[in-house]
Amino acid sequence: MEEARPENAAPSLAHRLRRGSSSFRERLAPHWDRRWFRWLAIGMGGFLVAIFLFWLIFARGLPDAATLLEYEPPLPTIVRDINGQPVHSYARERRVQLQYSDYPPLLIRAYLAAEDKTFFEHHGVDIPGFVGAVFDYATKIGSGQRARGGSTITQQVAKNLLIGDEYSPTRKVKEMILAYRMESVLTKQQILELYLNQIFLGRNAYGVQAAARAYFDKDVADLKLHEMAYMAILPKGPANYRPESPTGHERALERRNWALGEMYKNGWITQAQRDEAIAQPLGTVAAHGSGFDARAGGYYMEEVRRRLIQLFGEKASDGANSVYAGGLWVRSPYDPKMQEGTATALRNGLLRFDAGKGWSGPVGKIDMDRGWERELAASYISVDYAGWRVAAVISRSSSSAQIGFSDGTTGTLPADAAQLPYRKAGGPAFASMKPGDLIVVARNGSSWALRNVPEVSGGMVVEQTHSGRILAMQGGFDSRLSSYNRATQAMRQPGSTIKPFVYAAALDNGMTPASIIVDGPLCVYQGAGLGQKCFRNFTGGSAGPQTMRWGVEQSRNLMTVRAASQTGMERVVRTIKAMGIGDYQPYLSFALGAGETTVERMVNAYAMLANQGRQLSPKVMDYVQDRRGKVIWPHRWRACDGCNMANWDGKPMPRFGFEGRQVMNPMTAYQVVHIAEGVIQRGTATVLADLKRPLFGKTGTTNGPTNVWFVGGSPDLVAGVYVGYDQPRSLGGWAQGGRVAAPIWKAAMAPVLETMPKTPFVAPAGIRMVTIDRRSGKRVYGVWPTDEPKPAVIWEAFKPESEPRRSIRKEEVAAQEKAAARADAVIQRRQRSDSDFLQDQGGIY
């Protein structure tokens, strides 16, 4: 039985809906019977469905036009040198970003005349132009031809920056929608600025300023009317108007003159201006690079690029400050003059060492079946030395070879100009050449002559001692032949250049520069795995008890190993690690340079010695700014307020504090430097003594010998160089650091040092300078050091309370010196030839 509901109870929701729908249908029924009402309702429904489908197909997922307010075009990274001058760029797209106000009004009108003359009147879409484009598209369906675009400048910006260049009606509709939205968000000037900075205009130029440089080698402000008109026709298709080809040149003139006519029709120029501009030739310059010297820096700039990529990434997807899109400004300590001197010195040294050894072979090979011109250009192999050029062997006869160059020109290499013996196969080099070989040649009258790139290589670094700034870096003969940077990437045994740090550990643990160390045979049992190791001096023999100073100056292996053994190799390798050279195991062979390190690390370690033991980080970049000038690296960088004032304002002068921590006792560091000065004055690097200035350093020769070194410098600059084969092998028994590496160092650094004052090394607080007998290490009273190359009495540096207690009388000094001279003569007679010594056990370090 149904339950009775109270009379005043409210009706249910379902009941109300049923009643409402019934009443709606009842009210609609009389109207639905009328035809006009039915058609109106169906039309409105269809319209709503159409709007939904339009949104679904075209508008859904379109990017927000407001993002263009924050859009930043990809910009190259620019590197400035020590003087603040731009010297290099990293770019895949040549572009310079300007503001709207930077563009001449006449240039803007030229683009409007050629691309969108009603730009300032429409709201993103030119309806008549769009209708014409639709008709053109309809007439060309099925023909394979591309219809004319009919896009406004706003639509082109939308296409280039937001949706891509797909050729379809769908893309065109999306482009129109975005153009309308953009006009609601951006001003006309902002849209034009985006367009003029972004548009591709050929010759790898993106944006009008880059194109002005590429085609006319001018800035936009310096362009003439006929040049502006040519620039304005390029967006339609730069390849169609290439001035290098006769057809492109003719098309360019015709289209340029048309653009000038459009400017005249719009009243933007006078008839006289138009006629004068039409009478002008195109006036374009030959295609060229970015404006920076591609040869500048070489290995140095490649090292900067590597470190920037580690910090910020390479592509735009890696972040806003990427190397190839972030528009970074990098201030580097790169010194162009010093770099040139360093590169020249190392190259000449490698050529000098390699002279007489024959031809080392081709520098590369290409596939002749693919076309030698394209393959040679794509190889990016070239050389920048004394007019040398890389050429491809095209063909060879019995008397000559035809060779080709990357610019498409050819030449002749006579057989008699390629008679260097081929060191790998024997016989003359000419007989070994094959088509596809890449060789190095130099002009020889009307023909060419073969040149040889040294097989031996090396690296060199120049660094400031107070800041760690690297002023010059050369990592091989030429970075265009090999990008492998031997200054920073090649791990080589440092040889005797490690010895100053071994003695630094000894000085920190009780020894002094006058300590007596026995120069005699030494064999050490290194455990069951390593067995017994016997050490010998480079040229054999021994000298008996000698001072530490003498052992460093003469680079005596036995004294170094004995000092390391007495000090403890744990302490020695700890010192070496603290100086950033390497992390080695506590084996005695590492005290003679058996570990591996790089030129950069060794130079930095010597710079820390000259910096009185304070830590330095080798720098190829001072600071990095983003595109707006904000310093983004180093992270704690601070500007030096007041450093560049024209006049002193009476306030306290800016003061710079030390950056690094103290990694070595400053007195120990000075003692090592003071001892190493003797290496120049009377040791293994006397080739540098005629520079007649305060210098310290150490030569190095490793087992084989496979590497020869010299590292050293002045109180302000330290440089280091090594020479060796990339696949280590013997350089020949005569090769030593003092004979091969030190002359290269001298050639690079002598011109630099001549421009600098002769500043002495300054002793830190606490050092005591004491006169001692150079050979015995005993204290001398009443006799003063002289300027002779090998004085009997010298100044020696001691820590407090460590100077010798025993003394030698003045009258004994001369007798001591005569005895020392006789001992030196005996040592010289005992020395064996290097070739004999190479057969002995032990190592040459």
Short N-O contact, Lys337 and Glu340, less than 4.0 angstrom = no

Minimal non-hydrogen separation, Ile744 against Val723, with atom names = CD1-CG2, 3.7 Å

ask   = What distance do Leu588 atom CG and Thr560 atom OG1 have between them, rounded to the nearest 0.5 Å?
value = 11.0 Å

query = Rounded to the nearest 0.5 Å, how far does CD1 of Ile498 lie from OG1 of Thr702?
reply = 12.5 Å

ask   = What pair of heavy atoms forms the shortest contact from Trp550 to Ala543, and how long is it?
value = CH2-CB, 3.6 Å

query = Do Tyr623 and Pro634 come within less than 4.5 Å of each other through their side chains, counting heavy atoms only?
reply = yes

key: Inter- and intrachain pairs under ring pair (Phe, Tyr, Trp, His ring centres under 6.0 Å), touching residues 450-470, at least two apart   = none

request  = Go through Lys499 and Asn557 one step at a time and tell me if the side chain to side chain contact (heavy atoms under 4.5 Å, CB included) criterion holds.
outcome  = CA-CA 9 Å; Lys499 290 178 180 177; Asn557 288 350; 2.7 Å; yes

request  = Keeping the roles fixed (side chain from Thr77, backbone from Val323), state whether a donor-acceptor pair exists under 3.5 Å.
outcome  = yes

query = Do you know the tightest heavy-atom contact between Val552 and Ile675?
reply = CB-CG2, 3.6 Å

query = Does CD belonging to Gln681 count more than 12 external heavy atoms closer than 6.0 Å?
reply = yes

task = Starting from the C-alpha separation in whole Å, work towards a yes-or-no answer on side chain to side chain contact (heavy atoms under 4.5 Å, CB included) for Tyr606 and Met579.
result = CA-CA 9 Å; Tyr606 273 72; Met579 300 300 284; over 6 Å; no

task = Quick one: closest heavy-atom pair of Tyr503 and Gly551, and the distance?
result = OH-C, 4.4 Å

ask   = Can you check whether Gly737's main-chain N or O pairs, donor with acceptor, with Thr701's side chain at less than 3.5 Å?
value = yes

query = Is there a donor-acceptor contact under 3.5 Å from the side chain of Arg80 to the main chain of Gln85?
reply = no

query = Which pairs, with at least one residue in residues 593-616 and sequence neighbours excluded, count as a salt bridge (charged side-chain N to carboxylate O under 4.0 Å, His left out)?
reply = Arg307-Glu600

message = Is the distance from the ring center of Tyr670 to that of Phe696 below 6.0 Å?
response = no

Over all atoms of both residues, closest heavy-atom pair of Gln612 and Val762 = NE2-O, 2.7 Å

message = Working to the nearest 0.5 angstrom, can you tell me the gap between Gln671 CD and Met664 CE?
response = 10.5 Å

ask   = Is a side-chain N or O of Ser457 found less than 3.5 angstrom from the main chain of Gly476, in a donor-acceptor match?
value = no

request  = Indicate yes or no for a side-chain donor-acceptor contact from Ser482 to the backbone of Asp478 under 3.5 Å, with no hydrogens or angles considered.
outcome  = no

remark   = Interatomic distance, CE@Met473 vs CD@Glu303, rounded to 0.5 Å, equals 5.0 Å

query = Between Arg305 and His88, does a side chain to side chain contact (heavy atoms under 4.5 Å, CB included) hold up when you go through it step by step?
reply = CA-CA 10 Å; Arg305 188 186 75 91; His88 198 81; over 6 Å; no

key: Donor-acceptor pair, side chain of Asn611 and main chain of Ala607, under 3.5 angstrom   = no

task = Using the salt bridge (charged side-chain N to carboxylate O under 4.0 Å, His left out) rule, collect all pairs that involve residues 670-688, keeping only residues at least two apart or in two chains.
result = Glu553-Arg682

key: Set of side chain to side chain donor-acceptor pair (under 3.5 Å) partners for Asn452, sequence neighbours left out   = Asp354, Ser360

inquiry  = Test: salt bridge (charged side-chain N to carboxylate O under 4.0 Å, His left out). Region: residues 569-590. Which pairs qualify, not counting sequence neighbours?
reply    = Lys577-Asp583

query = Is there a side-chain contact between Gln464 and Ile470 (heavy atoms, below 4.5 Å)?
reply = no

message = If you apply the rule side chain to side chain contact (heavy atoms under 4.5 Å, CB included), what do you find for Phe477 with Val383, and how did you get there?
response = CA-CA 9 Å; Phe477 189 80; Val383 64; 4.2 Å; yes

Beyond-backbone contact of Trp745 with Leu695, side-chain heavy atoms, under 4.5 angstrom = yes

request  = For Thr684 and Gly738, indicate whether the former's side chain and the latter's backbone hold a donor-acceptor pair under 3.5 Å.
outcome  = no

ask   = Do Arg775 and Gln546 have side chains that get closer than 4.5 Å, going by heavy atoms?
value = yes

request  = Give the ring-plane orientation class for Tyr385 versus Trp388, where under 30° counts as parallel, over 60° as perpendicular and anything between as tilted.
outcome  = perpendicular

message = Are Leu507 and Met548 packed together at the side-chain level, in the sense that at least one heavy-atom pair is separated by less than 4.5 angstrom?
response = yes

ask   = side chain to side chain donor-acceptor pair (under 3.5 Å) with Ser382: which residues, sequence neighbours excluded?
value = none

task = Return the set of residues passing side chain to side chain donor-acceptor pair (under 3.5 Å) with Asp508 (not counting sequence neighbours), or none when no residue passes.
result = Thr668, Lys799

query = Can you list every salt bridge (charged side-chain N to carboxylate O under 4.0 Å, His left out) pair that touches residues 703-719, not counting sequence neighbours?
reply = none

task = Specify the closest pair of heavy atoms between Gly593 and Pro494, including all atoms of both residues, with the distance to one decimal.
result = O-CD, 3.3 Å

request  = Could you tell me which residues satisfy side chain to side chain donor-acceptor pair (under 3.5 Å) with Glu463, sequence neighbours excluded, listed by chain and number?
outcome  = none

task = Identify, with sequence neighbours excluded, every residue that meets side-chain contact (heavy atoms from CB on, under 4.5 Å) alongside Pro728.
result = Arg492, Thr706

key: Side-chain donor/acceptor of Thr342 to backbone N/O of Met338, under 3.5 Å   = yes

request  = Determine whether Glu796 and Thr512 make a side-chain contact, defined as any pair of heavy atoms from C-beta on separated by less than 4.5 Å.
outcome  = no

ask   = Checking Trp709 side chain against Gly720 main chain: does a donor-acceptor pair fall under 3.5 Å?
value = no

With a cut-off of 3.5 Å and sequence neighbours excluded, list every side-chain donor-acceptor pair involving residues 751-758.
from, atom 1, to, atom 2, distance (Å)
Thr755, OG1, Val752, O, 2.6
Lys758, NZ, Lys692, O, 3.1

request  = Taking the side chain as every heavy atom from C-beta outward, state whether Val79 and Arg331 have any atom pair closer than 4.5 Å.
outcome  = no

request  = For Ser332 and Lys619, run side chain to side chain donor-acceptor pair (under 3.5 Å): C-alpha distance rounded to whole Å, both residues' side-chain angles, the deciding distance at 0.1 Å, then the answer.
outcome  = CA-CA 8 Å; Ser332 80; Lys619 302 173 185 174; over 6 Å; no

query = How would you list, by chain and number, every residue that makes a ring-ring contact (aromatic ring centres under 6.0 Å, His included) with Tyr380, sequence neighbours excluded?
reply = none

request  = Could you tell me if the ring centre of Phe353 sits under 6.0 Å from that of Trp734?
outcome  = yes

query = Okay, side chain of Ser483, backbone of Ser479: is any donor-acceptor separation there less than 3.5 Å?
reply = no

inquiry  = Please verify the inter-ring angle class for Tyr584 with Phe590; under 30° counts as parallel, over 60° as perpendicular, anything in between as tilted.
reply    = parallel

key: Tyr299 vs Thr488 side-chain heavy atoms within contact, under 4.5 Å   = no

ask   = Hey, is Asp519 close enough to Arg562 for a salt bridge, meaning N to O under 4.0 Å?
value = no

